[in-house]
Amino acid sequence: MCVGPSVRSRRPPRGADKTRRASPPLGRSQPEPKLPTSAGYLAAPTPRAATASLAGSPPPVPPLQPRRPLPGVGVGLDLAGQGAKMDGGGGGGGATTALGEPLLAKKGRAYRPRCPGCRVERLNAEREGVFPLKDLFLIWLVTITCTLPIQTLFPFLYFMIRDLHIAKQTQDIGFYAGFVGASYMFGRAISSTVWGIVADKHGRKPVIILTLVSIIILNTLFGLSLNYWMALTTRCLLGVMCGYLGPIKAYATEVCRKEYNHLALAVVSSSRGIGLIIGPAIGGYLAQPADKYPSIFSQTSIFGRFPYFLPCLCISILAVLALIACTWFLETLHKHNEDTVDNSVEAIEESLAGTDTEENGNGGCLQLFKNWPLMSAITLYCIFSLQDVAYAEVFSLWAVSDRSYGGLSFTTTDVGNVLAASGLFLFLYQMFVYPLLAKSVDHITLVRGVAILTIPLLACYPFFPSLSGFVLMLVVNFASFLKNTFSVTTITVFNILMNEAVTQDVRAAANGIAVTLMSISKAVAPAVAGIIFSWAQRRQTASFLPGDHLVFFMLNVFTVTGLVFTFRPFFVRGSAKH
C-alpha cells in the first residue's frame with residue numbers, strides 16, 4: 001500500500017511497518033484513502049480494516065501509532081498534539097517532550113546525551129534564574145592562578161639580574177631584564193593559536209589542565225635558576241605551555257547561560273587584571289625572604305641560597321589547588337559524530353528546525369582573518385596590551401632604581417605594598433563600579449575615555465621623585481590604582497568585543513589568534529621597554545626628554561596610537577549570531 005507523503009517527500013526509514021493494499025468492493029473501483037503521517041508517526045494496519053474491505057465498505061482510517069522514540073529525545077514529534085508540546089514555535093529550540101525535556105538543545109542541533117556540550121546546554125536550560133556562582137568561582141580561580149606567574153618576577157627582576165652577574169654595569173641591568181620579561185610572551189606567541197585549535201578539537205578542559213601542570217613544574221624551576229640562561233629558558237617554556245587564555249574565555253561564554261556571558265568574561269578579565277597586580281605583590285613581599293624575615297628563613301636554607309624561590313613556590317602550590325578544582329570543570333565542547341544517512345528522522349527534524357550558518361564558521365581559522373570586526377578588536381587589544389606590559393616592567397624597574405637615575409629607591413617590599421593596594425581597590429572597582437559603567441556607557445566610548453585620561457597620568461610620573469615620605473606613597477598608590485584600573489577596563493571591553501564577533505565553533509581558535517598576536521606585542525614590549533629604560537638612565541642631563549621623561553613619553557605614544565585606532569575606518573563593531 002502507498003503511504004501518504006512524509007515530510008519533504010522523504011522515504012520512511014527501513015524497518016517501518018507497511019500496510020497492505022485494501023481490495024476495492026466488487027463491481028466498482030474505490031479510491032485508496034489518504035493516510036495522515038508525520039515525521040514521528042506511520043499508519044499501522046488493523047484487522048478491522050481488512051474485514052471491512054472484504055464486506056464491500058470502504059476501510060476506516062487506521063489510527064496513528066507512535067514510532068520508537070529517538071535516543072535522548074523522549075517521544076517522537078506528535079503533530080496531532082498527543083506527544084511532545086511545542087514551546088514558542090518556529091525552530092527546534094523551543095520544543096520539549098511531555099516530560100519537560102528539551103527536544104533540541106540548540107536551534108538546528110539534535111540533543112545527544114553523550115555529548116558534553118549538549119549536556120551543558122540542557123543543564124543551562126534547566127537552571128533558568130540560578131546564579132552560576134560555582135562556575136564563576138572556578139573560572140576566577142583557574143584564571144588568576146595562570147596569570148600570577150606572568151608578572152611576579154618584575155619587582156625582583158632587577159635584583160635577580162644583578163645577582164646572576166650577567167650585567168657588567170648597573171645601567172645594563174634593564175637591558176638584560178627586558179629579555180627575561182619578554183621570553184614568556186615570546187613562548188606564548190608561538191603556541192597560542194595551536195592551543196586554541198586543540199581546544200576546539202579536543203575540548204577546553206584538557207588544555208587548561210596541561211597549563212596548570214606546566215606552571216607547577218616550570219615556575220618552580222624558574223625560582224631555582226642557577227644562571228641567566230636557565231631563567232630565560234624556563235620562562236620561555238612556561239610561555240609555550242601556557243595555553244589557557246583562549247580556552248578559558250570560550251569556556252566562560254559556554255558554561256553559563258547567555259544572560260551571564262558578559263559577567264563570565266568580566267570575571268576572566270578582572271581575575272587576569274587582579275592576577276597581574278597581585279602577582280608582582282607576591283614577588284615583592286616574598287622575594288629575598290632570608291634578608292627580610294631572618295627569624296623565619298636562614299641564610300643556609302634553600303630560601304637563602306635561592307632568594308627568589310619562595311614566591312614561585314607559593315604560586316606553584318596554588319596551581320596544585322587549582323588543578324584539583326578542575327575536576328569540577330564541565331566540558332562544553334560539542335562532540336558529535338555526523339549522521340551517515342541523511343534521510344533519518346534526526347536529519348528530517350534538523351532540516352525542519354533550520355540552521356544559522358555564519359561565514360566565519362565555514363572557512364576554518366583562515367576565514368577568521370577576513371572577519372574585520374574581530375581583527376579590529378584584536379588590533380586594539382594588541383596595542384593596549386603592549387602599552388600595559390611595557391608600563392608594568394618600567395614601573396617596577398623605575399621604582400627600585402636609585403634616585404640619582406630618576407627612580408624612587410623603593411625596596412621590593414615597597415613595590416609589593418603599592419601593587420597590593422592597587423589590587424584590592426581594583427577588585428572593588430570590578431565588582432561594583434565597572435558593571436555600572438558597562439551598562440551606562442558604550443564599550444568603545446569607555447575605551448576612548450580611558451585612553452584620554454591615561455595620557456596626562458603617565459606624563460606626571462617623571463615628577464614623582466621630587467616628592468618624599470607619606471605624600472610620595474599616597475601619590476604613587478593613587479596613580480598606580482588609576483593606571484591599572486584603566487588597563488583592566490580596556491582588557492574587559494576587548495574580550496567582550498572579540499567573543500561577540502565569532503560563533504562558538506571557532507571561539508577558542510579566535511581567542512587563540514588574539515592571544516598569539518597579543519603575546520607577540522607583549523613579547524616586544526618588555527624587551528623594547530628595557531632597552532629604552534637602560535638608554536634613558538644614561539641621558540639624565542639631555543635637553544629634550546631627559547631621563548625617565550623619555551620612557552613615559554614613549555608609553556604615551558602607544559596610548560595615542562590606540563586612541564586613534566578606536567575610530568573608523570580602523571575599528572568596526574560587529575556581532576555574530578550564537
Side-chain angles (χ1 to χ4, degrees), residues 151-187 221-239 280 283-284 287-292 299 303-312 389-415 461-462 465 522-555:
Q151 296 185 5
T152 306
L153 75 164
F154 284 162
F156 60 79
L157 184 58
Y158 184 92
F159 303 101
M160 186 179 192
I161 300 300
R162 182 197 65 187
D163 294 343
L164 293 176
H165 306 292
I166 188 68
K168 296 180 180 179
Q169 297 180 354
T170 303
Q171 295 89 336
D172 296 332
I173 291 178
F175 176 82
Y176 290 99
F179 289 104
V180 176
S183 60
Y184 176 91
M185 291 299 171
F186 177 76
L221 291 176
F222 174 74
L224 298 173
S225 296
L226 300 173
N227 52 58
Y228 177 78
W229 301 109
M230 180 178 177
L232 193 68
T233 303
T234 52
R235 286 288 295 180
C236 184
L237 290 177
L238 182 59
Q288 301 169 323
D291 296 334
K292 297 177 182 176
Q299 292 289 348
F303 301 107
R305 290 182 287 115
F306 298 96
Y308 312 106
F309 174 58
L310 183 58
C312 299
V389 173
Y391 166 82
E393 174 157 346
V394 164
F395 176 80
S396 297
L397 295 175
W398 168 71
V400 300
S401 62
D402 193 81
R403 283 181 178 266
S404 60
Y405 294 107
L408 301 179
S409 296
F410 276 10
T411 63
T412 55
T413 302
D414 293 330
V415 176
Y461 271 72
K522 285 189 173 184
V524 172
V528 173
I531 293 172
I532 295 176
F533 180 80
S534 180
W535 178 39
Q537 290 198 325
R538 298 176 184 272
R539 54 190 308 275
Q540 297 294 324
T541 59
S543 58
F544 178 71
L545 297 175
D548 294 324
H549 286 268
L550 175 65
V551 177
F552 292 100
F553 173 78
M554 294 303 298
L555 292 176

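Owing to the predicted nature of the structure, the values given are computational and were not obtained by experimental measurement.
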message = For a 4.5 angstrom cut-off between non-hydrogen side-chain atoms, does Tyr461 reach Val394?
response = no

task = Can you measure from CG (Leu224) to CZ (Phe309) and round to the nearest 0.5 angstrom?
result = 4.5 Å

Minimum side-chain heavy-atom gap Pro280-Phe395 below 4.5 Å = no

Reported CD-to-CD distance for the pair Gln169 and Gln537, which is rounded to 0.5 angstrom = 12.0 Å

ask   = Does anything in residues 540-552 pair up under side-chain hydrogen bond (donor to acceptor under 3.5 Å, both in side chains), and if so which pairs, sequence neighbours excluded?
value = Trp398-Asp548

ask   = Between the side chain of Ser534 and the main-chain N/O of Gly530, is any donor-acceptor distance below 3.5 Å?
value = no

Under 3.5 Å: donor-acceptor pair, side chain of Arg235, backbone of Gly187 = no

Validation: residues 173-186 side-chain donor-acceptor distances under 3.5 Å, sequence neighbours left out:
{"unit_1": "Ser183", "atom_1": "OG", "unit_2": "Val180", "atom_2": "O", "d": "2.7"}

task = Please report the shortest heavy-atom distance between Gln288 and Thr412, naming the atom on each side.
result = OE1-OG1, 4.2 Å

message = Do Phe156 and Pro311 make a side-chain contact, defined as non-hydrogen atoms from C-beta onward lying under 4.5 Å apart?
response = yes

ask   = Are Val389 and Pro526 close enough that some pair of their side-chain heavy atoms sits under 4.5 Å apart?
value = yes

remark   = Residues Ala290 and Gly304: closest non-hydrogen pair is CB-CA, 3.9 Å

query = Quick one: CD1 on Ile532 to CG on Leu555, what's the gap to the nearest 0.5 Å?
reply = 8.0 Å

ask   = Which pair of heavy atoms, one from Ala542 and one from Pro546, lies closest together, and at what distance?
value = O-CB, 3.2 Å

inquiry  = Could you check whether any side-chain heavy atom of Phe154 comes within less than 4.5 Å of a side-chain heavy atom of Leu397, counting everything from C-beta outward?
reply    = no

Distance, nearest 0.5 Å, that separates OG of Ser401 from OH of Tyr158 = 6.5 Å

inquiry  = I need the minimum non-hydrogen distance between Val415 and Ala399, along with the two atoms involved.
reply    = CG2-CB, 4.1 Å

query = What are the two closest non-hydrogen atoms of Leu221 and Met230, and how far apart are they?
reply = O-CE, 3.6 Å

message = Could you report the tightest heavy-atom contact between Gly547 and Ala536, atom names first, then the distance?
response = O-CB, 3.2 Å

N/O donor to acceptor pairs below 3.5 angstrom from side-chain atoms of residues 161-168, sequence neighbours left out:
{"unit_1": "Asp163", "atom_1": "OD2", "unit_2": "Tyr308", "atom_2": "OH", "d": "2.5"}
{"unit_1": "His165", "atom_1": "NE2", "unit_2": "Asp163", "atom_2": "O", "d": "3.2"}

inquiry  = Return the CE to OG distance between Met160 and Ser225, rounded to the nearest 0.5 Å.
reply    = 4.5 Å

Gap between atom CG of Leu226 and atom CZ of Arg305 - 0.5 Å precision = 10.0 Å

key: Distance-only donor-acceptor check, side chains Lys292 and Thr411, under 3.5 Å   = no

Glu393 side chain reached by Val528 side chain, heavy atoms, under 4.5 Å = no

